[in-house]
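Note on naming: letters A, B, ... go to the chains in the order of the sequence lines (proteins, then strands), and numbering restarts at 1 for each one. FYI, side chains are in, hydrogens and waters are out, and symmetry mates aren't considered; it's all heavy atoms of this structure.
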Number of protein chains: 2
Amino acid sequence: MAVRGPEKGSARLTARGAATRRRIVATAADLMFRQGVAATPLDQVVDACGISKSQLYHYFPDKDALVTEVIAMREHLMVSAQKPQLEQVRSMRDLERWRDSLLTGLRERGLPYKCPIGSLANELSSRCDDARQSLAGIFGAWQGLIADGLARMREAGELDPGADPEELAVAVIAALQGGYLLAETMQDEQPFVVALDMAFDHVKAHVKTPVADLTQSDN
Amino acid sequence: MAVRGPEKGSARLTARGAATRRRIVATAADLMFRQGVAATPLDQVVDACGISKSQLYHYFPDKDALVTEVIAMREHLMVSAQKPQLEQVRSMRDLERWRDSLLTGLRERGLPYKCPIGSLANELSSRCDDARQSLAGIFGAWQGLIADGLARMREAGELDPGADPEELAVAVIAALQGGYLLAETMQDEQPFVVALDMAFDHVKAHVKTPVADLTQSDN
DNA sequence: TCGGGACTGGACGATTTGGTCCAGTCTGTG
DNA sequence: CACAGACTGGACCAAATCGTCCAGTCCCGA
């Protein structure tokens with residue numbers, strides 16, 4: 001499970017070859033998301049992808065390398081899905097729009113109620129330190145995106161100067177992850193909603209009271 | 001991964017036999033906690049336990065049965081660890097004592113920063129519906145213990161009558177789980193602390209304001 | 001047209017793992 | 001003692017899986 005640099009053979013790659021390569025990673029990512037990494041045999045990837053086994057090994061030296069790419073793709077997908085919205089965040093209203101999109105996303109995808117990153121982290125962090133570090137990096141990037149939005153809110157005077165964007169972002173992600181896990185286990189979206197609401201109440205508790213605020217602010 | 005009833009052979013069991021059986025489950029639980037269920041071969045359980053393979057199969061028909069028992073043991077451990085404290089909860093102060101014990105527990109155990117139940121849920125809920133349901137039951141039991149405490153707080157007038165103990169309990173557990181996952185992935189207890197603090201702020205937000213609060217309410 | 005990467009398809013080896021089987025020993029108790 | 005259950009120890013099977021290898025075809029651009 002070593003995290004390698006750019007692939008050896010990636011230098012000379014036809015457009016067609018690159019497309020196939022991406023297809024393999026995408027297929028593997030999907031299967032591994034639903035079944036887990038260990039529970040996804042390469043033969044299944046091969047079948048689902050409609051390629052031959054030798055082709056898979058033509059692009060990837062071993063399963064670990066494939067997993068590494070899957071993780072990288074997950075980071076890319078997360079960033080390209082979250083960044084556009086989070087970058088725009090300058091007010092609580094913006095942040096709530098983001099929350100709403102998380103919710104509708106969960107509902108549209110339906111089961112399984114899992115976070116692609118969280119489930120990878122859970123399975124791999126104990127077994128492969130390279131993967132764990134990559135996943136930690138993804139969480140860090142996510143945290144950064146959220147924290148930046150919160151920081152902008154603070155600059156805009158929406159957030160209390162004493163509020164720590166990084167810490168709030170960690171709390172939000174933790175709530176998200178916990179919500180995903182409970183929702184998946186209970187097969188019910190309610191825990192996810194409850195967790196998200198908690199996180200947003202927590203953020204709101206650091207909102208500079210514009211007018212008389214009903215929700216009393218604890219510390 | 002079928003969840004069976006009481007074992008077939010459990011009828012005639014010497015004290016010695018029962019002890020060995022428990023030892024097997026405990027050993028398996030520990031290994032599976034640290035490495036994951038799939039990543040724990042039975043041979044390793046056998047070695048770590050100092051028994052012979054035939055003995056393992058003398059007590060358990062297959063690996064699934066062993067996993068089922070491991071889950072049951074996890075429930076038992078959770079309840080016997082949490083119930084005594086949570087049963088006593090009648091005030092915010094009591095609840096905070098419980099939180100403190102969670103924290104010191106995490107610190108004493110050290111790495112891995114995982115929840116034995118959460119990690120099982122994450123790995124098994126996608127792959128075995130029987131296990132998933134058992135784990136959901138454990139989460140439900142945990143939720144119940146917390147919710148009961150919160151309900152007593154409400155009866156005691158410490159909690160707002162409008163507060164929903166069940167919902168608050170779900171939020172607390174979600175924060176816990178998310179905190180564990182982040183802490184484990186980042187190899188840092190801070191996310192766990194942050195998540196727990198969020199959860200407790202959330203509960204406190206439903207505390208009936210007793211008198212003038214000393215903790216400054218930030219404007 | 002020629003060459004190289006893309007790709008097939010399946011044989012093959014090695015390893016791991018779950019699971020079976022059994023001959024025989026140990027141990028505690030009625 | 002006799003017997004039942006506890007236990008050893010390893011041989012053994014079958015399946016899954018990772019990974020290798022190769023002969024040969026297909027496709028595309030210089």
Qualifying salt bridge (charged side-chain N to carboxylate O under 4.0 Å, His left out) pairs, either residue in residues 185-199 of chain A, two or more places apart
R99(A)-D197(A), R107(A)-E189(A)

Does OP1 or OP2 of dG10(D) have a side-chain N or O of S54(B) closer than 4.0 Å?
no

Any non-hydrogen side-chain atom of L181(B) less than 4.5 Å from a side-chain atom of L181(A)?
no

Under 4.0 Å from OP1 or OP2 of dA6(D): is there any side-chain N or O of H58(B) that close?
yes

Counting only N and O atoms by type, is there a donor-acceptor contact under 3.5 Å from the side chain of H206(B) to the main-chain atoms of H202(B)?
yes

Would you call R152(A) and D148(A) a salt bridge, taking side-chain N to carboxylate O under 4.0 Å as the test?
no

Which of these nucleotides, dG18(C), dT27(C), dT17(D), is closest to any side-chain atom of P41(A)?
dT17(D)

Which nucleotide in the list dG19(C), dC7(D), dC7(C) gets nearest to the side chain of S52(A)?
dC7(C)

Separation of dT27(C) P from I51(B) CD1 (nearest whole Å)
17 Å

Tell me whether the side-chain N/O atoms of R21(A) come closer than 4.0 Å to OP1 or OP2 in dA6(C).
no

Atom pair OG1/CD1 of T185(B) and I138(A) - distance to nearest 0.5 Å
10.0 Å

For atom CD of Q55(A) and atom C1' of dC26(D), their distance in whole Å
12 Å

Does D100(B) come within less than 4.0 Å of R97(B), counting only side-chain N to carboxylate O?
no

Measure CG/L56(A) against C1'/dT20(D) and give the value in whole Å, please.
13 Å

Please report the distance, rounded to the nearest Å, between NZ in K63(B) and C1' in dA16(D).
13 Å

Could you list by number each residue of residues 23-36 of chain B showing a heavy-atom separation from DNA chain C of less than 4.0 Å, or answer none if no residue does?
none

Could you say whether R16(B) or D43(B) is positioned toward the 5' end of DNA chain C, judged by the nucleotide with the nearest heavy atom to each?
D43(B)

Is any side-chain N or O of Y59(B) closer than 4.0 Å to OP1 or OP2 of dG5(D)?
no

Looking only at side-chain N and O atoms, does S101(B) offer a donor or acceptor that is under 3.5 Å from a partner on Q85(B)?
yes

To the nearest Å, how far apart are L66(B) CG and dT17(C) C1'?
15 Å

Tell me which nucleotide among dG5(D), dT20(C), dC7(D) gets nearest to the side chain of Y57(B).
dT20(C)

Could you please name the option among dG19(D), dA6(C), dG19(C) that lies closest to any side-chain atom of K53(A)?
dG19(D)

